Structure formats: structure tokens, C-alpha cells
Asker: 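Input: one structure, supplied below.
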Amino acid sequence: MTSIGTGYDLSASTYSPDGRIFQVEYATKAVENSGTAIGLRVKDGIVLAVERLIHSKLLVPGANRRIQAVDRHIGMATAGLLADGRNVANRAREESSQIRTLWREPPTAVADRLALYAQAYTLYSSVRPFGISTIFGGVDKTGPSLFVVEPSGVCLGYHGAAVGKGRQLAKTELEKLKLSELSMREAVIEAARIIYLVHDDNKEKEFELEMSWVGDETGGLHTPVPTDLVAEAEQKAREALETFE
């Protein structure tokens, strides 16, 4: 059965006879057409990195960010439609604020609330699923946590995660790392290497490397990675590309 012209792809509230929801699959395809985003959960924190593709030379450097702060100790990186990412980021901030007010605890569980929000947009014919996958990373009293929320509303915890066009190669590289033994600074170097590696297969467009971290290095606050460390990581990533087989 094909997914074109069958009539089962006109609404997110309609199942096909073989149990598929095509609108959710199309949303996933929108994610796959975006730049790659990865997250690393290491022994002392979280590192997020995004391959932000430059679609025009007229764009202001550093604009159109795909990594955003949700709370003081939570960050999120998105792959997919930029406008959807901003909408979800605003909702995540509202959820985080409510959880902090009610329970007075660091709300890294905000990913579960956002998963419910995303899943609600797969139930009604009057709305469409969000065309993004979101990586949430944060720290609380139990340590660092990393989650991925898919367009379907599925939320899973990871040690290392990748979404976007280069996710398969990125996941392969993440699996080679001993994440539980890496420090945050080492994770920054590895994250930059992986982003440069996956972009090597997509050379038709320039990109900017966007990175943030949260953990012991930042005093538990979600902040951008310092520019000097990013520059060092990018230099090492370019050198690693020359020796990659």
C-alpha cells in the first residue's frame, strides 16, 4: 500500500488499514531534511550541538538559533521546522515554570510534559503534528538527564542522541564513545567532530556549529559553550576529518 493518493494521509486522526498515521511520518520526514542535532550525556553534565545550515549568505551569523534555554538548568536542541521549534520552546518554558512553582524542584521531567503536548497534536484533524524532534538536556539533584521527544509524542531517555539528516552516522559515532567516562570538555571536542563528520556528506551548504552545555563546568546552568573552546573543537574536528577513513 502506498502513502500517496490513498486518502489516509489527509488527517492526523486517520489510521491507514495497516495501522500507520501518515501525517506523523511526514512530520518525521521534515526532521530528516533538517541539519543534524546531537546530545551527549557524560559523567558531569550534558553537551548539545547543532549543525545549523546556512541557506543564504545574507543571514546574520549567529541568528536563527536551534539551541534554546528552557530553564536555568535545562536546554533544548531541535531538528526540523524552525518555527515549530520556537513554539515548542515557549511551551517548554511555561511547563518548566509551572512545575517549579508547584513542586519547587528542578523540572528536568519537563520532557514528559512536552511529549504529551506533541502527542495531542496527532489526535485531531484540525491540527498537524509538529515537524521537529527535540533533544532536552538538563541537570538536577539526581545528575544529568537527556531525552528526545519525537513528532509522534514518544519520549525516551538516552546517553547519546542524534536527530536530523545525519542521525545514522552520528549515532554510529556516538556508540563508539565511552560517554560515562568523558568530561564535558572532552564531550565538546567529540560533539564538534561528529557534527563536522556528518556534514561532510552534505557539502552543498555551509553551516555554523552551535553548542551549549550544562553541568559541573557551568555550575549547573545551561549556557553557550565559550567561543574559544568552540574554536578549538572546530579546529580539532577539521583535523580529524583529514584522517577519517
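Remember, predicted model here, so these are calculated numbers, not experimental data. The analysis underlying the following values was restricted to heavy atoms, covering all of them including side chains, and did not include hydrogens, waters or symmetry mates.
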Asker: Using modelled atom types and a 3.5 Å cut-off, is there a donor and acceptor pairing between side-chain atoms of T14 and backbone atoms of L10?
Answerer: no
Asker: Evaluate whether atom CZ of R72 has more than 12 neighbouring non-hydrogen atoms of other residues, nucleotides or ligands under 6.0 angstrom away.
Answerer: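 Result for CZ/R72: open.
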Asker: Is the charged tip of R91 near the ring of Y117: under 6.0 Å from the six-membered ring centre and within 45° of its axis?
Answerer: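 R91 over Y117 ring: yes.
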Asker: Are side-chain heavy atoms of F136 and L114 found at a separation under 4.5 Å?
Answerer: yes
Asker: If I take atom OG1 from residue T227 and atom CD from residue E232, how far apart are they, to the nearest 0.5 angstrom?
Answerer: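 These two atoms lie 12.0 Å from each other.
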Asker: At their closest point, which heavy atom of V50 faces which heavy atom of A77, and how far apart are they?
Answerer: CG2-CB, 3.7 Å
Asker: Taking all atoms of both residues into account, what is the closest heavy-atom pair of A79 and V163, and its distance?
Answerer: CB-CG2, 3.7 Å
Asker: Look at D216 together with R185 and state whether they make a salt bridge at an N to O cut-off of under 4.0 Å.
Answerer: no
Asker: Ion pair present between R167 and E32, side-chain N to carboxylate O less than 4.0 angstrom?
Answerer: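 Yes, charged N to carboxylate O under 4.0 Å.
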Asker: Using a strict cut-off of less than 4.0 Å between a Lys/Arg side-chain nitrogen and an Asp/Glu carboxylate oxygen, indicate whether E25 and K29 qualify as a salt bridge.
Answerer: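 A salt bridge is absent here (no side-chain N lies under 4.0 Å from a carboxylate O).
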Asker: V42 and A187: which non-hydrogen atoms are nearest, and at how many Å?
Answerer: CG1-CB, 3.7 Å
Asker: Evaluate the side-chain proximity of Q119 to S152: yes if any heavy-atom separation is below 4.5 Å, no if none is.
Answerer: no
Asker: Say you draw a straight line from OG of S11 to CG of L123; how long is it, rounded to the nearest 0.5 Å?
Answerer: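 Taking OG in S11 and CG in L123, the distance rounds to 10.5 Å.
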Asker: For L53 and H199, run side chain to side chain contact (heavy atoms under 4.5 Å, CB included): C-alpha distance rounded to whole Å, both residues' side-chain angles, the deciding distance at 0.1 Å, then the answer.
Answerer: CA-CA 9 Å; L53 299 176; H199 181 76; 4.0 Å; yes
Asker: Which heavy atom in L209 sits nearest to a heavy atom in A49, and how many Å separate them?
Answerer: CD1-CB, 4.4 Å
Asker: State, yes or no, whether a side-chain contact exists between L182 and K43 at a heavy-atom distance under 4.5 Å.
Answerer: no
Asker: Please assess Y15 against R20 for the test side chain to side chain donor-acceptor pair (under 3.5 Å), listing each intermediate value before the final yes or no.
Answerer: CA-CA 6 Å; Y15 282 97; R20 298 164 64 185; over 6 Å; no
Asker: Is any side-chain heavy atom of I21 closer than 4.5 Å to one of T122?
Answerer: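 Not in contact.
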Asker: Does the pair R93/D71 count as a salt bridge with the N-to-O cut at 4.0 Å?
Answerer: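 Salt bridge absent between R93 and D71.
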Asker: Does the side chain of V154 come within less than 4.5 Å of V149's, by heavy atoms?
Answerer: no
Asker: Just by distance, with hydrogens left out, do S212 and H222 show a side-chain donor and acceptor under 3.5 Å apart?
Answerer: yes
Asker: Between the side chains of E173 and K176, is the shortest nitrogen-to-carboxylate-oxygen separation below 4.0 Å, so that they form an ion pair?
Answerer: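 So K176 pairs with E173 through a salt bridge.
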Asker: If only side-chain N and O atoms count, and only distance matters, is there a donor-acceptor pair under 3.5 Å linking E94 with Q98?
Answerer: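 Per modelled atom types, Q98 and E94 side chains form no pair under 3.5 Å.
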Asker: Return the minimal non-hydrogen interatomic distance between V31 and P151, and the atom names on each side.
Answerer: CG2-CG, 4.1 Å
Asker: Among L40, V47, I46, find the residue that satisfies the side-chain contact (heavy atoms from CB on, under 4.5 Å) test when tested with W213.
Answerer: V47
Asker: Do F147 and I135 make a side-chain contact, defined as non-hydrogen atoms from C-beta onward lying under 4.5 Å apart?
Answerer: no
Asker: Of all heavy-atom pairs between Y121 and A12, which one has the smallest distance, and what is that distance?
Answerer: O-CB, 4.4 Å
Asker: Identify whether the distance between the nearest side-chain nitrogen and carboxylate oxygen of E210 and R66 falls below 4.0 Å.
Answerer: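 Result for this pair is no, no salt bridge flagged.
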Asker: Would you compute the distance between atom CD1 of I38 and atom OH of Y158 and round it to the nearest 0.5 angstrom?
Answerer: 14.5 Å
Asker: Answer yes when K171 and E175 have at least one side-chain N-carboxylate O distance shorter than 4.0 Å, and no when they do not.
Answerer: no
